[in-house]
Amino acid sequence: MTMGGETEVPEAGEEFRLRVRGWLAEQLGGEFSDVVDTGGPGHEDEALERRRAWERRLGSEGWIGLGWPTEHGGGGASLARQVVFHEEYAAAGGPGRLMHMSEQLLGPTLLAHGSDDQRRRFLPGILAGEDLWCQGYSEPGAGSDLASVRTRAVREGEEYVLTGQKVWTSLAHLADWIFVLARTDPDSTRHAGLSYLLVPLDQPGVEIRPIRQLTGTSEFNEVFFDGARTAAANRVGEEGDGWRVAMSTLGFERGVATLGQQIGFRREFDAALRLARANGAWADAELRNRLVRAWVRLRVMRYTALASLRSSGGGASGLEASLSKLQWAEWHRELGELAVDVAGTEALTVAPPYELTDEQTLFLFSRADTIYGGSNEVQRNIIAERLLGLPRG
Amino acid sequence: MTMGGETEVPEAGEEFRLRVRGWLAEQLGGEFSDVVDTGGPGHEDEALERRRAWERRLGSEGWIGLGWPTEHGGGGASLARQVVFHEEYAAAGGPGRLMHMSEQLLGPTLLAHGSDDQRRRFLPGILAGEDLWCQGYSEPGAGSDLASVRTRAVREGEEYVLTGQKVWTSLAHLADWIFVLARTDPDSTRHAGLSYLLVPLDQPGVEIRPIRQLTGTSEFNEVFFDGARTAAANRVGEEGDGWRVAMSTLGFERGVATLGQQIGFRREFDAALRLARANGAWADAELRNRLVRAWVRLRVMRYTALASLRSSGGGASGLEASLSKLQWAEWHRELGELAVDVAGTEALTVAPPYELTDEQTLFLFSRADTIYGGSNEVQRNIIAERLLGLPRG
Amino acid sequence: MSDDVEDEVREEMRSTVAAFLDARSGAQGRRSEMAQPHGFDRALHDRAWDELGLGALPVPESLGGLGLGFREVATVVEEFGRRLTPSPLPGTLVTAVLVAERVARGGCAAGEEVLERMARQPLVLAAAGVTPGAGECLAGAGGALSGRLGAVPFGAVADGFLVVAGTGDAASVHFVPGDAPGVERTERAALDHTRRLADIAFADVPATPLSPPDDGGALAARLRALVRVSLAAESVAAARTCLDMTVEHLTLRRQFGRPLGSFQALKHRCADLALAVHGARAAVDYAVRFAASAPHPGEVDELGDGVGSVAALAKSMAADTFMDVAAEALQLHGGVGFTYEHDLHLYLKRAKSAQLLAGSGPALRRELADRLADA
Amino acid sequence: MSDDVEDEVREEMRSTVAAFLDARSGAQGRRSEMAQPHGFDRALHDRAWDELGLGALPVPESLGGLGLGFREVATVVEEFGRRLTPSPLPGTLVTAVLVAERVARGGCAAGEEVLERMARQPLVLAAAGVTPGAGECLAGAGGALSGRLGAVPFGAVADGFLVVAGTGDAASVHFVPGDAPGVERTERAALDHTRRLADIAFADVPATPLSPPDDGGALAARLRALVRVSLAAESVAAARTCLDMTVEHLTLRRQFGRPLGSFQALKHRCADLALAVHGARAAVDYAVRFAASAPHPGEVDELGDGVGSVAALAKSMAADTFMDVAAEALQLHGGVGFTYEHDLHLYLKRAKSAQLLAGSGPALRRELADRLADA
């Protein structure tokens, strides 16, 4: 079976696809062969130095910020070409992207809301694959209620002083900077009174502690601010306008990357199917049926993404992002369960001390998909209210 | 396969079971053989005259009010014996009970809340299998919100005068009386200000119109009150106390009858299984799996009902009634869908003009199970709040 | 024509058909149509030719038609499906698409004749033998057909049949005039009031074979795929109507002092349905485009069987979604949806008929499993 | 004893065991136990003998024990399961029940010996060969065992094994001392931190056959059924704990200005879980009573295979329910449930292990389908 992405997004041009494919093959078959398939979910801390080098290579060849406007140093590529890049990247087994947050979240935010000065200062480091950023939105106990921010930033002259705690910040221990939603108006509640601040991590007022996860590994961190400082010039947008700044680009995270992400899903599905054929699980009617249903839904996700691409001509709308997120998160979680069920009794044991198989990792990690980045429950609220127009509860 | 109810409720005594079985075999194999398997869901209007005669026969032999106290003319039988009667009745293909509402709902209400006078006046007719009652709780547009009663009863001297409309009253066109929840305090809302009134149907102020259902048949009715009258002495309980009176016996409907009902379910399941084996559907992995799951859940329902019987020593608690209702209603609806899927292309057609097969009737009618008598949504609210203690929304 | 121009043409066609159908007074029109002889409105069928020229749609220009293809036909099918309009027109158009494709390959006088006629005057065509499990039919040595096929939509009034004889690689497609000697049709009352069915018995019926010799069942497979995609298209449109009705009900109806639609448990279930419809919509669009281009160069022949697996996928997904939506609609409407007067039961029955016709969900998933095992 | 008196005895036993386990400081105790060699607390195991005399429970009075049966054992198993206590004790007791049943039929000196020892001193017994798909083992002509069996809970520390050799009607049960020549065990780290597993290799191992000749696999089937019911019992208890944790979380935690537990969509999902646990509870109680009485005269041998189908039903139902509850618990707890420090992942992994051990859901439903086809 081939995914055959080559013909489904014809607008990108076959020549472009072949160029991407050729370059990836050369790099990942040669100098960077050691990073192939590294850094996936549950393995975010693999081969870190090499993957930083890989990001710099991507940057120096112009593959970062492919769709950003040329006047800001981007590639100015069409949406179709961005999709092609993501698809080919996934198909080639490109490593998990360390620059994900920097390129997909911060970059678009600065492009949309940053000052000229901020763009000049921060975009080049991202485009070069040099500067790693991490995200500081989530707080302990807030769950899906992103607006219940308790981290405070108090203005002192030309600086903000931060106190509080962020959680689930991936790569914080590697990153240079963090972009933070903080409460600058102490009397405010919820969405109002928040500001969007860029904060350097290498300073005394910042402490980073890894979180050990159910897999036994630690890809995420808690970040504690206790008198951490950043220049007032590092605020993106107006004071108190942070919620709007943050939300306006949250959907970007899930736009063009979707089709590439699905190539990854397809690889996971194919692995489960191969395993089922090899170990006899395919002969079980129930497991076979679940595999067929998973295949059907994977195809449907692809059709949905292609339709969205066709109709939007740009990034997915917030609503489409919600539909897509709910769709893939549920699918992926079910695939995780299916994969261990296909593995059967083999899934009962791990390699010592606690090294999980791919199926086990998928089983455990995919459970985060329905929680982070807007839980299933939040997505269902959005769909019910914004697509269907049902009244608020 | 045998259901083997004979040994699962041993407390009832084998002799009693054999007596019930023998009597039913004699009657339903002889004089009343024409009513066997008649009057089930979707066929409520079958063989009406003969089924009235059958009710009188049941009454004359003491099978009605089996568990009612002997001082009120009942059989004073233990719970176990009542269960045995219901099981044997279902296993023998006894016809749908016309006296269901009278015996299971009104009788217990009068026993619990009626005046001596009311008991003396109304219970004998029920025990004799003579007087048919119908239920007047539901109103158009109220849905699950039983308390939003708009039917009014105004006191005029020693009478109440009723204006309003009830809906989904089965057998109203046959019944002699209706028991009604009506608003006696015009300024009240919701649960307060309601009274429980017994109203004769044969009077000018009452109009009964059949409701044609999705099956094309008409088992239910709308009942319109326009100046209908009943004596104030026909109020059960105090004025304004109707909600409590009605609710206190709503669970009775689902108490001892559960195990008998399950015998009926088993007969439906067995029919689907037989059909699947006969027409090849059993060879389909997906349908086979659904049949196995349906069988598992049917057994689990039985285990649940037996456990409830064992622990309660009396009628099911309100909470157990909710658990049981949600459990069987969902199961039955799924069986309905499974049955037509097993029938396959045969289920596409009906006999002219529009006579449904058993599978089609089950498919369509079982959809009411999750709505009437407390919808699934209402049961889930009850379970969440009363069993789990989750806060009200 | 570029894709965008085509989209505009189809959009115009859609609104024309929609206006045509709505002008017949919507749901009330449907009730009276259901009750007419053979369960549809013959006058409406005729007007589809006279006023809209729909019959000419899939007929090649050389035979007096418009020369449009399956995408345009699917657009019409959806509008009929969206309203549950009882009509043999969708089946006629889909069947004609296959005839036109066959005619385009040459040497098919019977096909040319029927298409030429269809461009000019109202006609009913029907596909028989596309529902596994509903009878079987075999082609004899001389090409004559014998057997019995059930579940043929509006088969009692068909002027011509495309009949699939045999199965698998040996399956072939044959054209049979509705009045051919040896054809006996029995109209059946259907569970679904909006789609009357017929059993067709063939007793040594002379027929015109359309499948090229040794095509390995390809033409029959294509006919089956077109019928499946057509059922998928009408299902997703009807599912959408049904979901909209439910949302409207939940918005207007109040219980416990609030609009029903503000209860979160109901909202979330509706959101799940909306997502399913959204996915089915995309699957149907993909399948229609794929089927129209046989295969479209922009689409992927995933399991190497042409449109077959895409059609199976889209049909199972769309019909199941339709059933889920209709079932939930009934639940959320409460008692009123249970009355014969309310339209919901028509949707429920139509959904079940869409599931069972031309291959049930379990049967289609079995097909897909077999293909996935070999892929 | 009447049923009520027995119930009281079991209730007392339950609270004694509960107090014993809670006194070891609950979840914290579990964390340290998991980390000990072989993944359990040997001292706790010893104390179960010294302080509670649990080892004597299934041993006949004639051999110095209490002569209690499977219902009492299931009571203990549940209390260990409810707390996810990492311990070979549940497996030991269940295995001993089968030995005691075999001893009661006479002519089983090896069984008497091990039970006698078990009444006096701490011991670990384990059942091997009850998980289909995890290796196989055959009995040679002289009764010696050869093969390899995986997924044996706490097999690395077992003083004795009950080994199922062969399959189906030819399956037989054998007793093998843990230190028998030719036995090689390999402890495996398990996905489920609370239940260490082992692979056991048998190289021409002398063994004592326990199955009577030509019993048609009956003793092996019974061992498998007891293990399944035991897994069902611990699953439903653990599911209940997990549901309680979730309800507590939803009650305490506020989001968007309200307790999470007041959101109706979450409430309804919890209600569905509560119903599933309620049903699984009833199924387990029925299966335990049935298994204890082999069959109890008050229960029905539904598919004519003794406790077999009831055990398969209860195990699939209870383990699937446990998995559903654990999965939903993780979802409803949000990020915090994802940390290693939180206990939820232990429940999730335990649920998956309960599903996969001694026959997965799909495998059990396959078995039930076969029986239902013949019934």
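No hydrogens, no waters, no symmetry mates; every other heavy atom, side chains included, goes into these values. A note on names: the letters A, B, ... follow the listed sequences, proteins ahead of strands, and every chain is numbered from 1. From a predicted model like this one, the values you see are computed outputs, not experimental measurements.
- Taking chain A as the reference chain and counting heavy-atom pairs below 4.5 Å, the highest number among C:R258, C:R366, C:H268, C:K267 is found for C:H268.
- Heavy atoms of A:L326 lying under 4.5 Å from chain C belong to its backbone as well as its side chain.
- Each of A:N381, A:I383, A:I382 has some count of heavy-atom pairs under 4.5 Å with chain C, and the biggest count is that of A:N381.
- Contact of C:A287 with chain A is not made at all, since no heavy-atom distance falls under 4.5 Å.
- Looking only at side-chain heavy atoms (C-beta outward), A:H332 and A:L362 come within less than 4.5 Å of each other.
- Counting heavy-atom pairs under 4.5 Å between each of C:L243, C:L260, C:D272 and chain A puts C:D272 at the top.
- Looking at A:N376, neither its backbone nor its side chain comes within 4.5 Å of chain C, counting heavy atoms on both sides.
- For the side-chain contact (heavy atoms from CB on, under 4.5 Å) with C:L226, the lone residue among C:V97, C:V73, C:V288 that qualifies is C:V97.
- The existence of a salt bridge linking A:R288 and A:D284 is excluded, since no basic side-chain nitrogen approaches an acidic carboxylate oxygen closer than 4.0 Å.
- Counting heavy-atom pairs closer than 4.5 Å to chain A, the top residue among C:C270, C:A369, C:A283 is C:A369.
- Between chain C and the residues A:R293, A:E330, A:R392, the most heavy-atom pairs under 4.5 angstrom are made by A:R293.
- At most 12 heavy atoms of other shown residues, nucleotides or ligands fall within 6.0 angstrom of atom CD in A:E346.
- A:R267 has a carboxylate O that lies under 4.0 Å from a charged side-chain N of A:D37, or vice versa, which qualifies the two as a salt bridge.
- Heavy-atom pairs under 4.5 Å with chain A peak, among C:G261, C:G279, C:A274, at C:G261.
- For A:T304 (side chain) and A:V300 (main-chain N/O), a donor-acceptor pair under 3.5 Å exists by modelled atom type.
- Environment of CG in C:D169: sparse, with no more than 12 heavy atoms of neighbouring residues, nucleotides or ligands closer than 6.0 Å.
- Within the 4.5 angstrom heavy-atom criterion, no atom of A:R297 approaches chain C.
- Using a 4.5 Å cut-off between heavy atoms, C:L273 makes no contact with chain A at all.
- We find that C:R365 and C:D320 are joined by a salt bridge, their nearest charged nitrogen and carboxylate oxygen being less than 4.0 Å apart.
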